[in-house]
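What follows is a short report on a single structure.
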Amino acid sequence: MNWMETTLGSSFELYQPQTITTKDLIEDGKYQVYGANGVIGRYDKFNHEEPQLLITCRGATCGAVNVSSPFAWINGNAMVVKPKSKDIDVRFIEYFFRGAVDLTKAITGAAQPQITRQSLSPILFKYPSLQFQKQIVAKLDAIFAEIDKAKAATESNAKNAEILFQSYLSNIQAPNSTLGEHVTIKTGKLDSNASVENGKYPFFTCSKDIFSINEYAFDCEAVLLAGNNASGDFNVKHYKGKFNAYQRTYVITIDAEDKLTYRYLYFQLVNALKRLKSMSVGANTKFLKIGMIKDLEFPLPKMDEQIKILGNLNTVALKTDLLRNNYLKKLELSNKLKQSILRQAFNGELIKD
């Protein structure tokens, strides 16, 4: 199989179309509008009749791939990669960008990452005849469909376990109480830049990572609620020992441990994450105020009943965690498998003469 070698600049039109603002969008517009990360609204005009391959060319998702629908308006935050010749299949070039090329070298700018026509143009691109391109695309479609099917089944199992866990928590029969009646809430004060390599104590931040630090501010058992997140997807940890915390990580300690256990509090806060997300404030970054957390209502059974409930919750939580971790591992493996198959495809190893 003979492969032609060229560059993106030689074989493709690379351009950023005219941008319309969000104020120009029309709620019931006839045509979809594509921005940096896919559809952002609708408009009453289109600037492209045929589907186009789009590369995000600005922001944190620089290099991400989308394909527009027919008759769509494409904004300038997306770079159109359009074959100059009918000898190149759009789906073939889509797979090329989804894993057969490393775009990191084409990304410039530190504060605002971007991809430009000048940085894309020199990238090498090899392709066989149109007939073989279509065969490769068909083979990749079939393989990826099977991988996605297996991934979806694993994800479904993890979601079902999560639903069971949430259902069990939601069906606890006990009088409601507000969190502020039973706990003290403090917030960390350290900046995330205070973390050090090989520090003695954990440093809990609003991300899911745990950094290390050489000093501590807390020496206790606590439930930590990370209450600062761009998307409002907060998280909860249960920890006992010496630690420090970021300024919007809330350290929650129980006032009377004969009325409430830390493990039960942890599970109730996990169950309340969606409610907390809906209560959060902030435009660019969502965050929680201490008063919001204190006002949170939750069922509080007597201590002997809490102990019984915790036995079941720990069992369900263990199964949920196992299924979730299994899903995450399979997700990572499937992504690696896809990348490996894409490399084979564009090295000419997937379809032989």
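The figures that follow rest on heavy atoms only: side chains count, while hydrogens, waters and symmetry mates do not. The chain is numbered in sequence order, starting from 1.
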*Report yes or no: do Leu265 and Ile307 belong to one cluster of Ile/Leu/Val/Met/Phe/Trp/Tyr joined by side chain heavy-atom distances under 4.5 Å?*
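In one cluster with Leu265: Ile307, no.
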*What residue pairs, at least two apart or across chains, pass salt bridge (charged side-chain N to carboxylate O under 4.0 Å, His left out) with a residue in residues 239-264?*
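Qualifying pairs: none.
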*Contact list for residues 44-59, test salt bridge (charged side-chain N to carboxylate O under 4.0 Å, His left out), sequence neighbours left out*: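 Not a single pair qualifies under salt bridge (charged side-chain N to carboxylate O under 4.0 Å, His left out).
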In Å and rounded to the nearest 0.5 Å, what is the [atom1] to [atom2] distance from [X] to [Y]?
X      : Y      : atom1 : atom2 : answer
Phe218 : Leu224 : CZ    : CG    : 8.0 Å
Tyr262 : Glu221 : OH    : CD    : 5.5 Å
Asn77  : Gln16  : CG    : CD    : 8.0 Å
Leu103 : Thr56  : CG    : OG1   : 10.5 Å

Under a plain distance cut-off of 3.5 Å, with no hydrogens placed, do [Y] and [X] share a side-chain donor-acceptor pair?
X      : Y      : value
Tyr201 : Asp219 : no
Thr178 : Glu297 : no
His48  : Ser68  : no

Under the side chain to side chain donor-acceptor pair (under 3.5 Å) rule, collect the residues that match up with [X], sequence neighbours excluded.
X     : value
Thr61 : Asn37
Glu27 : none
Thr6  : Ser11

_Between Leu300 and Tyr264, is the side chain to side chain contact (heavy atoms under 4.5 Å, CB included) condition met? List the steps._
CA-CA 9 Å; Leu300 182 60; Tyr264 183 79; 4.3 Å; yes
Does the separation of the ring centres of [X] and [Y] fall below 6.0 angstrom?
X      : Y      : value
Tyr95  : Phe144 : yes
Phe125 : Phe12  : yes
Phe204 : Tyr239 : yes

Applying side-chain contact (heavy atoms from CB on, under 4.5 Å), name anything that partners [X], two or more places apart in sequence or on another chain.
X      : value
Lys139 : Ile143, Leu350, Ile351
Ala222 : Cys220, Phe243, Val251, Thr253
Asp304 : Lys302
Glu349 : Gln344, Asn347, Lys352

*Please say which of Leu8, Val65, Leu53 ends up in a side chain to side chain contact (heavy atoms under 4.5 Å, CB included) with Phe96.*
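Looking at Leu8, Val65, Leu53, the match for Phe96 under the side chain to side chain contact (heavy atoms under 4.5 Å, CB included) is Leu8.
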*Which is it for Glu94 and Val67 under the side chain to side chain contact (heavy atoms under 4.5 Å, CB included) test, yes or no, and what are the steps along the way?*
CA-CA 8 Å; Glu94 177 189 348; Val67 177; 3.5 Å; yes
*With side chains defined as the heavy atoms from C-beta onward, is the minimum distance between Ser119 and Ile107 less than 4.5 Å?*
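Not in contact.
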*Count the heavy atoms of every other residue, nucleotide or ligand shown that sit under 6.0 Å from NZ of Lys338, and state whether that count exceeds 12.*
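Enclosed: over 12 neighbouring heavy atoms sit under 6.0 Å from NZ of Lys338.
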_Testing the basics here: between Tyr250 and Lys289, what is the closest heavy-atom pair and its distance to 0.1 Å?_
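Heavy-atom minimum between the residues: OH-CA, 4.0 Å.
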*Which pair of heavy atoms, one from Gln133 and one from Asp89, lies closest together, and at what distance?*
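Where Gln133 meets Asp89 most closely, the heavy atoms are OE1-N, 2.8 Å.
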*Could you go step by step and tell me if Lys277 and Lys286 meet the side chain to side chain contact (heavy atoms under 4.5 Å, CB included) rule?*
CA-CA 8 Å; Lys277 181 176 181 178; Lys286 298 296 183 182; over 6 Å; no
Who clusters with [X]? Use side-chain heavy atoms, under 4.5 angstrom, across I, L, V, M, F, W and Y, and order the result by chain and number.
X     : value
Tyr43 : Ile20, Leu25, Ile26, Val33, Ile40, Trp73
Val39 : Tyr15, Tyr34, Leu54, Ile74, Val80
Phe71 : Tyr31, Phe46

_Leu14 and Ser121: CA distance, side-chain angles, deciding distance, side chain to side chain contact (heavy atoms under 4.5 Å, CB included) verdict_ = CA-CA 8 Å; Leu14 307 171; Ser121 292; 3.7 Å; yes
